[in-house]
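Data block below; observations after.
Numbered from 1 within each chain, the chains take letters A, B, ... in sequence-line order.
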2 protein chains.
Amino acid sequence: MASDFSALSSGLSELMVLRLLQRQEMYGYEIVQAIAERTAQVLSPGEGVVYPLLHALEKSGALKSRRKTVGGRSRIYYSLTARGAKRLAAMADHWSALNGAVGMVLHAV
Amino acid sequence: MASDFSALSSGLSELMVLRLLQRQEMYGYEIVQAIAERTAQVLSPGEGVVYPLLHALEKSGALKSRRKTVGGRSRIYYSLTARGAKRLAAMADHWSALNGAVGMVLHAV
DNA sequence: GTATATACCTCGGACCGCAAGGTATGGGAA
DNA sequence: TTCCCATACCTTGCGGTCCGAGGTATATAC
C-alpha cells in the first residue's frame, strides 16, 4: 500500500480520450502526450493504457479510425462517432454527479 | 462494455470511509448505509467493498477498532488514527488536483 | 552509423468494485 | 410459536482498469 492514489483516476483515461477526440481527430501517440500536457501531469496514462483503450472503444463503436501516412510515418487517426459522443456526454454527467456527491461528504458541516 | 461508469468511482470508497470516520466512530454496516444516504445513492459501495476495505485500512494502520455490544448486537466500531488522518488529507488533495485537471480538459475553450 | 524521437503493439501483475453467497441474532408479524 | 426481515459480520470469483516492461519499426539529427 504505497502512497499512491492511482485508483482515484480510474476510468478518467476514457473520459479524456473521448473529450480530446470530440474536438479533433488524433492518433494514439499524440493522445498520450496531450493528456499529460493538458492536465499538467496530474493524469498521464501510458501507452499501455491508451492503445488497448482505443481498440476497445473502436470495437464498441464509440470511435472510428483511418490510416494516414504523414512524412513517411504511418499513423492511425481516431475520431468520435455519434455513439461515442453520447457516451462522452453520459460520462461527463456522471463525473459531475460524482463531484457533487463527494463534495457533499468531504465538505459537510 | 456496459453503459456503466463504475470505474470512475474507483478509490472513492476509501476516501468516503476515511472522511466519515474522521467525524465519528462508526461500524461497517452503518458506513455502508451512510455513504449511500449522504451521496444520494450516487456512490453506494456494498458490504463486499466496505468490509475488506476496513480490514485493509486497519492492517495498514489508518484505522483502529474496538468491539462493542449494543442491544445484544455485537458491532465493531472503527475510528481514524493519526496515520489515517494524514492519508485522508493526502487523498482529498489528490482528489482536488484531479478535479482541476479533468475540468481543464472537459471545459477547455 | 548510431542514438533519439516517433509510432505502433502486447503481456503479466496488481488493485478495486461488484454480485452472490454464507453465518448468526434480534424483533415483529402471522 | 414460528417464520421472515433487518441487522451485522464475513469471503470468494469475475471483470475492468491501471501500470511497467518489453517488443517492433522508421525517420531525423548528430
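The residue among S9(A) and G71(A) whose nearest nucleotide of DNA chain D lies closer to the 5′ end is S9(A). Nearest-nucleotide assignment on DNA chain D puts the 5′-proximal partner with E47(B), out of L12(A) and E47(B).
Nucleotide dC16(C) holds its C1' atom 14 Å from the CG atom of L43(B), rounded to whole Å. Rounded to an integer number of Å, the gap from CZ of R67(A) to C1' of dC9(C) is 11 Å. Regarding Y78(B), its OH atom lies at a distance of 10 Å from the C1' atom of dC10(D), rounded to whole Å. Taking atom NZ of residue K59(A) and atom C1' of nucleotide dG16(D), one finds them 14 Å apart after rounding to whole Å. We find that CZ of F5(A) is positioned 15 Å from P of dC19(D), with the value rounded to whole Å. Here dC19(D) presents its C1' atom at 14 Å from CG of L53(A), a figure rounded to the nearest Å. The CE-P distance, from M26(A) to dC8(C), rounds to 11 Å in whole Å. Atom-to-atom, CG of L8(A) to P of dC18(D) comes out at 13 Å; the value is rounded to the nearest Å.
R75(A) has a side-chain polar atom (N or O) that falls below the 4.0 Å cut-off from OP1 or OP2 of dA7(C). For dA7(C), one of the phosphate oxygens OP1 or OP2 lies less than 4.0 angstrom from a side-chain nitrogen or oxygen of Y27(A). The phosphate of dT7(D) has OP1 or OP2 within less than 4.0 Å of a side-chain N or O from Y29(B). Distances shown here put a side-chain N or O of S13(A) below 4.0 Å from the OP1 or OP2 atom of dC18(D). The phosphate of dT10(C) has OP1 or OP2 within less than 4.0 Å of a side-chain N or O from H55(A). One finds a side-chain N or O of Y51(A) lying less than 4.0 angstrom from the OP1 or OP2 phosphate oxygen of dC8(C).
S79(B) and K64(B) form a side-chain donor-acceptor contact under 3.5 Å, judged by distance and modelled atom types alone.
When heavy atoms are screened at a 4.0 angstrom cut-off, G48(A) is found touching base atoms of the nucleic acid. Residue G72(A) is classed as a sugar-phosphate contact, given heavy-atom separations below 4.0 Å to backbone atoms only. Using a 4.0 Å heavy-atom criterion, one finds that I76(B) contacts the sugar-phosphate atoms exclusively. S6(A) comes within 4.0 angstrom of no nucleic acid atom, judged by non-hydrogen atoms across all strands.
With hydrogens and angles ignored, no donor-acceptor pair under 3.5 angstrom links the side chain of E14(B) to the base of dC16(C).
In terms of hydrophobic clustering, with Ile, Leu, Val, Met, Phe, Trp and Tyr side chains grouped at heavy-atom distances under 4.5 Å, V102(A) and V49(B) are assigned to different clusters.
In this structure, the side chain of T81(A) engages the main chain of A62(A) through a donor-acceptor pair within 3.5 Å.
Nearest nucleotide to the side chain of R73(A), out of dA5(C), dC18(C), dT17(D): dA5(C).
By the 4.0 Å N-to-carboxylate-O rule, E30(B) lies too far from R75(B) to be salt-bridged with it.
A pairwise comparison of heavy atoms in E47(B) and P52(B) identifies O-CD, 3.6 Å as the closest pair.
Contact annotation: the side chain of L12(A) approaches that of W95(A) to within less than 4.5 Å [non-hydrogen atoms, C-beta and beyond].
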